[in-house]
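Each residue takes its place number in the sequence, starting with 1. Both counts, for ligands and for their atoms, begin at 1 and track the order of listing.
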Amino acid sequence: MKKREIHIVGNWKMNQTLVEISDFFIEMTKMKMDLKCKAWIAPQFIHIPILKEIAFTTGMIGIGAQNCSEHDNGAFTGEVSVDALADIGAEFVIIGHSERRSIFGETNALLNTKVIKALENDLKVIYCVGETLEERESGKTFDVVKSQIEEGLKDIPEAKRNLLLIAYEPVWAIGTGKTATSQEAEAVHAYIRGLLVALKDETVILYGGSVKPSNIAELLACPNIDGALVGGASLKASDFKQLCIAGSMQ
Ligand code: PGA
């Protein structure tokens, strides 16, 4: 039995139409399962309300966002505030996904502002870290992860630390079909837990990067892996369900 509750989190990225969403939930509700883990989905912003409604009816899934603004409100065309997310009932927000870091140039300092803003507004935060292939091959994995944690989580409000989850996602494993071995993943998870001195034992640390039904059990068997952040395999109800079943067996 794990100390921490297993979380299976689907990151839908910029995917899924309304028809696909409806099919996904029809499939999910057809498959009766005894859910004993947290199952969360982060759709595109615009789909959060509809997913909240469906999730409420099915009582199965927590809904959150893939990103948020670092600003409170004002003239920031195209951005979405933490206030607006809280207003529509988002339960969590993913911050610092490697696509935000690499495509949108988000730095640890900027992400730190977002993390603090979200926590202050009582949103749970999944803060993502992870090294590139080049960084891994040059032996920099631990240094990279350390600075992402130290800079991105600097000065977070002590009273809100229980709202924080971490996702370790090696960039070279995201969407590539290559998963870190469970030993490689566990080594970084244990290292991260060591860095989080104050909440070592309570903080949920997810693994992400090509997680699928065939590799989830081995990953979840590791002592410091408390769930998964899943892209591709979360888009298909049958795969997502398998992942939730694996999460419920821990
Ligand atoms: P993947 O994506 O499961 O498709 O590798 C994971 C992620 O980006 O969070």
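Asp83 is listed as a side-chain neighbour of Asn121, based on a closest heavy-atom distance under 4.5 Å. You'll find the side chain of Leu165 stays beyond 4.5 Å of the side chain of Val9, heavy atoms only.
When the options His7, His189, Arg4 are evaluated for a side-chain hydrogen bond (donor to acceptor under 3.5 Å, both in side chains) with Asp226, the one that passes is Arg4. Between Glu70 and the options Leu110, Asn112, Ile116, Leu111, a side chain to side chain contact (heavy atoms under 4.5 Å, CB included) holds for only Leu110.
Looking only at heavy atoms of the protein, atom 3 (O) of ligand 1 is closest to Gly231 N, 2.8 Å. The protein non-hydrogen atom at the shortest distance from atom 9 (O) of ligand 1 is Glu169 OE2, 2.6 Å.
Atoms of ligand 1 found under 4.0 Å from any heavy atom of Gly232 (numbered from 1 in listed order, with element): 1 (P), 3 (O), 4 (O). Close approach of ligand 1 to Ala173 is summarised as follows: ligand atoms under 4.0 Å from at least one heavy atom of the residue are 5 (O). Atoms of ligand 1 found under 4.0 Å from any heavy atom of Gly209, numbered from 1 in the order shown, are 5 (O). The Lys13 neighbourhood of ligand 1 comprises atoms 2 (O), 7 (C), 8 (O), with distances under 4.0 Å to a heavy atom of that residue.
In this structure, Gly175 has a heavy atom closer than 4.0 Å to ligand 1. Ligand 1 does not have Ala167 within reach: every non-hydrogen atom of the residue lies 4.0 Å or more from it. Within the structure, the closest approach of Ser210 to ligand 1 falls below 4.0 Å when heavy atoms are considered. The closest approach between any non-hydrogen atom of His97 and ligand 1 is below 4.0 Å.
The closest side-chain donor-acceptor pair between Asn108 and Lys154, if any, does not fall under 3.5 angstrom. Between the side chains of Glu134 and Trp172, not a single donor N or O lies within less than 3.5 Å of an accepting N or O.
Here the straight-line distance linking atom CZ of Phe92 with atom CG of Leu123 works out to 10.0 Å at 0.5 Å rounding.
Under a hydrophobic-cluster definition in which Ile, Leu, Val, Met, Phe, Trp and Tyr are linked whenever side-chain heavy atoms come within less than 4.5 Å, directly or via other members, Ile21 and Ile8 are assigned to the same cluster.
Considering backbone and side-chain atoms together, Ala233 places no N or O closer than 3.5 Å to any N or O of ligand 1.
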